[in-house]
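As structure tokens, the structure follows; a few thoughts come after it.
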Amino acid sequence: MTRRPTSRTPSDQPEREPDGTPPQPDPTRSPKAPKAAKKTSEKTASKATKTAKTAKAAKTATPAKTTKTTNTAKSAAPAKAKSRKASTPAAKAPRKTATATAAPSPIAPDTPGTPATPVSTVPESDRSRLLDGTHHDPHSVLGAHLVGDGVAFRALRPYARAVTVVAGELRAELVDDGDGFFSAVVPLRAVPDSYRLHVTYEETDLEVPDAYGFLPALGEFDLHLLGEGRHERLWDALGARPMTHQGVRGTRFTVWAPNARGVRVVGDFNFWDGVGFPMRSLGGSGVWELFVPGLGAGELYKFQITRPDGSMTFRADPLARRTEVPPANSSVVHESAHVWRDEEWLRRRGETPVHEAPFSVYEVHLPSWRPGLTYRQLADQLPAYVSDLGFTHVELMPVAEHPFGGSWGYQVTGFYAPTSRLGSPDDFKHLVDALHRAGIGVLMDWVPAHFPRDDWALAEFDGRPLYEHEDPARAAHPDWGTLEFDYGRKEVRNFLVANATYWCEEFHIDGLRVDAVASMLYLDYSREHGEWSPNEHGGRENLDAVAFLQEMNATVYRRCPGVVTIAEESTAWDGVTRATHHTGPGGFGGLGFGLKWNMGWMHDSLGYMTKDPVHRKHHHHEMTFSMVYAYSENYVLPISHDEVVHGKRALVSKMPGDWWQRRADHRAYLGFMWAHPGKQLLFMGQEFAQGAEWSEGHGPDWWLLDPAYGAEADHRGVRDLVRDLNALYRAVPALWQRDTDPGGFAWVDGDAAEDNVFAFLRTDAQGAPLLAVSHFSPVVRQDYRLGVPEEYAAWQEVLNTDAARYGGSDTLNPHALKPDASPSHGRPASLRLTLPPLATIWLRPA
């Protein structure tokens with residue numbers, strides 16, 4: 001895959017501002033100025049009370065007004081920001097630093113009006129760590145804790161004027177300890193089962209459950225699986241998950257950051273100031289967790305991570321299930337509401353193994369297929385178009401979120417989120433659902449080979465190499481300026497294996513085409529001598545990558561019946577589609593893929609077709625060599641996007657000669673391709689002989705099919721041929737049933753180099769044949785003799801790419817052809833055919 005550099009969006013923040021205030025919000029997510037609001041009831045606050053106001057600095061600074069409300073109290077209200085993309089948000093008012101000397105008389109439940117016991121202030125060591133963002137266990141300090149003379153309540157609510165604990169009839173006002181801390185000891189015999197914090201800001205009151213009054217919302221078994229790197233539904237354990245926890249609705253945030261000194265969650269709900277929302281470390285798992293009551297779907301968020309060196313960085317969630325529309329890069333809390341209607345498709349898709357079933361694929365770049373369409377609009381058009389042309393599957397170029405559209409999705413930052421450019425995750429599910437209900441399978445490109453260096457994404461996620469290899473030479477991809485995953489780290493392997501099953505389980509994807517497998521398998525890929533180190537056995541194989549691919553394939557096939565994995569692997573690696581438990585001659589088990597792109601066939605056959613017909617006889621072997629290894633793997637024959645960009649020219653433009661000859665060669669080549677052993681893949685635009693290279697900026701030249709265009713018939717004819725190829729292909733088992741069985745193919749004449757002719761038989765499981773003859777010379781050959789099986793009394797031409805309706809010269813074999821007893825090509829009977837110029841014909845027994 002040819003890729004382009006990613007965009008760069010800095011997101012790191014200084015540890016402290018010059019005036020001593022905590023780090024300012026993420027400049028890629030400038031906060032919105034607060035708007036004044038009246039006091040709200042508990043019911044109102046639980047729905048949409050996203051308002052707060054900055055406290056006055058030394059009773060003189062005037063806070064900005066809020067513009068948005070939330071159902072959890074604001075921990076900060078920064079001054080008015082002029083723009084979302086402002087690089088330096090306005091400075092916030094400093095927090096109070098003086099410690100209060102007396103309690104404001106909180107009220108105990110059993111003695112109304114009686115002052116509470118003395119204030120329980122936050123220890124200085126905890127105070128500084130919480131303010132610096134380096135506390136690993138904020139729940140041990142904040143929240144409610146039983147002490148000798150009652151229950152100590154502590155809250156960290158920057159910019160609040162007052163905080164009151166509410167539990168049933170209890171209303172206990174906490175003392176302002178400065179720096180946003182509020183605390184008091186209330187004479188209770190036990191911690192209340194549930195309580196709320198009534199928080200007063202300058203112009204609003206909020207009442208919400210205390211985030212630090214909850215037990216961890218991630219179970220021990222989840223942590224055990226995470227520690228082993230075996231959590232097959234990782235997306236259920238990490239990321240942002242709306243849920244009901246201890247009877248309260250909210251969102252659990254979890255992130256793996258083992259090198260972090262501290263982690264906070266920030267978002268619109270706290271004006272991107274995480275001081276009041278520190279997360280807790282869950283033991284030695286490296287996972288940080290915080291349940292925030294009242295938050296639900298649609299909230300923007302990131303993780304504010306304190307690195308080992310004390311600096312801070314704002315990071316998008318690696319497990320985010322939804323993202324902002326690029327170039328914005330925050331994560332979005334998501335909860336699916338889609339109701340699937342493809343039960344019949346899922347039930348039937350695994351009935352026949354893929355390598356024994358018809359499988360013709362239309363490759364699509366969704367953003368440019370019909371530029372401007374959303375997922376839901378595509379669902380109204382794409383299934384009908386693909387169904388009309390008869391393709392069995394679509395293959396979507398990467399749909400996972402990526403920052404730079406020019407990478408075509410091959411430089412992923414949001415591995416668990418469909419790109420938001422075209423709509424929401426549920427909108428993407430709607431598209432998949434529509435394709436399934438139209439009888440069309442959905443494959444997608446999956447990119448586990450590398451990821452971009454954007455500093456708000458995965459690169460040095462918690463301050464040290466985490467997802468990438470710790471050795472810079474191993475981490476840096478030599479071709480694409482990206483970083484390679486560390487497949488030897490169990491958590492990283494878990495991240496990717498779970499991601500593969502995620503798309504299949506959550507989005508009902510029917511197959512994963514795995515990109516750039518060769519770059520994963522070899523330590524010396526695109527590296528010169530001295531730029532790589534051999535494996536433990538002295539070889540060039542990346543043993544960690546081999547183990548990862550084997551685990552991924554085994555897991556996908558076990559969890560997702562009927563799904564197929566497809567390798568884009570451009571070398572002769574042994575056993576790409578062999579079972580993982582079968583060891584090959586090289587000592588490795590198979591990689592376990594279901595299919596493999598036949599890059600050799602693509603390269604050789606296109607090399608032949610680009611030659612002038614007079615010179616093709618010297619390159620005849622380039623069309624026949626594929627049959628030497630055709631059954632070494634389960635192959636797909638790809639004419640993909642890679643072959644029609646960056647100066648390689650569109651398929652029809654690769655052909656020599658004038659416009660008529662180019663179209664004739666184009667049609668003949670498609671006829672040869674559909675008859676050749678292996679599955680077919682064709683990139684969009686090539687089905688109607690688009691002459692220009694594909695560009696992600698404008699997509700296919702649909703205007704070529706406008707009846708008002710003078711040459712419209714030329715392009716419509718090629719599209720009609722593709723429709724007929726697919727219809728015959730699906731109806732004739734000889735063309736697909738024995739793609740991986742050498743007994744299903746036999747050359748009739750593979751040596752007719754002087755005539756530029758290739759003739760072969762395909763047979764199905766019952767022995768029924770199809771005779772395919774491709775003639776790549778611009779002349780008509782009369783009475784061309786080919787040997788055929790003697791048991792058939794007559795043969796009928798069922799497809800001729802030279803037919804007038806396709807734009808050809810209409811040189812046909814219109815009548816049934818009867819073989820005679822003249823031996824030919826090692827067979828006792830033979831046919832005499834008329835071979836059209838630059839054409840492929842298919843014949844079946846009449």
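Counting begins at 1 with the first residue of the sequence. Reckoned from all heavy atoms, side chains included, excluding hydrogens, waters and symmetry mates.
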Can you tell me if [X] and [Y] form a side-chain donor-acceptor pair at under 3.5 Å?
X	Y	result
His145	Arg154	no
Ser330	Glu324	yes
Thr413	Asp454	no
Ser336	Asp426	yes

Please determine if Lys429 forms a cation-pi arrangement with Phe507, meaning its NZ or CZ atom is less than 6.0 Å from the six-membered ring centre and no more than 45° off the ring axis.
->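 Satisfied, under 6.0 Å and within 45°.
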Of all the heavy-atom pairs spanning [X] and [Y], show the shortest one and how long it is.
X	Y	answer
Val147	Ala152	CG1-CB, 3.9 Å
Ala417	Ala320	CB-O, 3.5 Å
Ala257	Asp462	C-OD2, 3.3 Å
Ala217	Phe291	CB-CB, 4.5 Å
Tyr195	Ala167	CB-CB, 3.8 Å
Asp210	Pro293	C-CG, 4.4 Å

Passes side-chain contact (heavy atoms from CB on, under 4.5 Å), Leu197 versus Val165? Steps please.
-> CA-CA 5 Å; Leu197 297 180; Val165 173; 4.1 Å; yes
Would Thr121 and Asp177 count as a side chain to side chain donor-acceptor pair (under 3.5 Å) if you check the C-alpha gap in whole Å, the side-chain angles of each, and the deciding distance to 0.1 Å?
-> CA-CA 7 Å; Thr121 58; Asp177 291 335; 5.5 Å; no
Is Glu460 salt-bridged to Arg307, cutoff N-O under 4.0 Å?
-> no
Would you call the rings of Phe485 and Phe495 parallel, tilted or perpendicular, where under 30° means parallel and over 60° means perpendicular?
-> tilted
Aromatic rings Phe451 and Tyr467: how do their planes relate, parallel, tilted or perpendicular, breaks at 30° and 60°?
->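 Perpendicular.
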Could you tell me which residues satisfy side-chain contact (heavy atoms from CB on, under 4.5 Å) with Ser285, sequence neighbours excluded, listed by chain and number?
-> Leu223, Leu282, Val287
Residues that Leu225 engages under side-chain contact (heavy atoms from CB on, under 4.5 Å), provided they are two or more places apart | Phe221, His231
Given the rule in the side chain to side chain donor-acceptor pair (under 3.5 Å) test, do Arg261 and His135 qualify, once you have shown the distances and angles that lead to the verdict?
-> CA-CA 7 Å; Arg261 292 177 60 189; His135 207 296; over 6 Å; no
Rounded to the nearest 0.5 Å, how far apart are [atom1] of [X] and [atom2] of [Y]?
X	Y	atom1	atom2	value
Met312	Asp132	CE	CG	7.0 Å
Ser140	Asp126	OG	CG	6.0 Å
Arg322	Phe428	CZ	CZ	14.5 Å
Glu289	Arg280	CD	CZ	4.5 Å
Leu174	Arg157	CG	CZ	11.0 Å
Phe253	Met279	CZ	CE	8.0 Å

Non-hydrogen side-chain atoms of [X] and [Y] separated by less than 4.5 Å:
X	Y	answer
Asn270	Arg264	no
Phe181	Leu131	yes
Val163	Phe153	no
Arg233	Thr501	no
Phe271	Tyr159	no
Arg230	His224	no
Thr251	Tyr301	no
Asp309	Ser311	yes

So, does [X] use its side chain to make a donor-acceptor pair with the main chain of [Y] at under 3.5 Å?
X	Y	result
Ser424	Asp427	yes
Asn494	Glu491	no
Thr306	Thr134	no
Thr254	Trp288	no
Arg252	Ala237	yes
Arg315	Phe303	no
Arg489	Glu468	no

Candidate pair Asp179 and Arg127, rule salt bridge (charged side-chain N to carboxylate O under 4.0 Å, His left out), full reasoning | CA-CA 9 Å; Asp179 289 328; Arg127 175 189 293 258; 3.4 Å; yes
Should we count CD of Glu220 as having more than 12 external heavy atoms under 6.0 Å?
->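 No, the 6.0 Å shell around CD holds no more than 12 heavy atoms from other groups.
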Has Glu228 got more than 12 heavy atoms of other residues, nucleotides or ligands less than 6.0 Å from its CD?
->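 Yes, the 6.0 Å shell around CD holds more than 12 heavy atoms from other groups.
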Show your working on side-chain contact (heavy atoms from CB on, under 4.5 Å) between Leu188 and Leu170 and close with a plain yes or no.
-> CA-CA 10 Å; Leu188 298 174; Leu170 168 68; 4.1 Å; yes
Quick one: are the ring centres of Tyr502 and Tyr416 less than 6.0 Å apart?
->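 Aromatic pair counts; centres sit under 6.0 Å.
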Going by the salt bridge (charged side-chain N to carboxylate O under 4.0 Å, His left out) test, which pairs reach into residues 239-251, not counting sequence neighbours?
-> Asp236-Arg241, Arg249-Glu335
Give the intermediate values and the outcome of side-chain contact (heavy atoms from CB on, under 4.5 Å) for residues Phe277 and Val292.
-> CA-CA 8 Å; Phe277 289 78; Val292 181; 3.9 Å; yes
Give the intermediate values and the outcome of side-chain contact (heavy atoms from CB on, under 4.5 Å) for residues Leu226 and Leu238.
-> CA-CA 10 Å; Leu226 289 169; Leu238 298 181; 4.3 Å; yes
From the list Arg421, His402, His334, Glu401, side-chain hydrogen bond (donor to acceptor under 3.5 Å, both in side chains) partner of Thr323 resolves to Glu401
Run through Asn329, Thr313, Asp317 and flag the one making a side-chain hydrogen bond (donor to acceptor under 3.5 Å, both in side chains) with Lys302.
->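 So, applying the side-chain hydrogen bond (donor to acceptor under 3.5 Å, both in side chains) to Lys302 and each of Asn329, Thr313, Asp317, only Asn329 qualifies.
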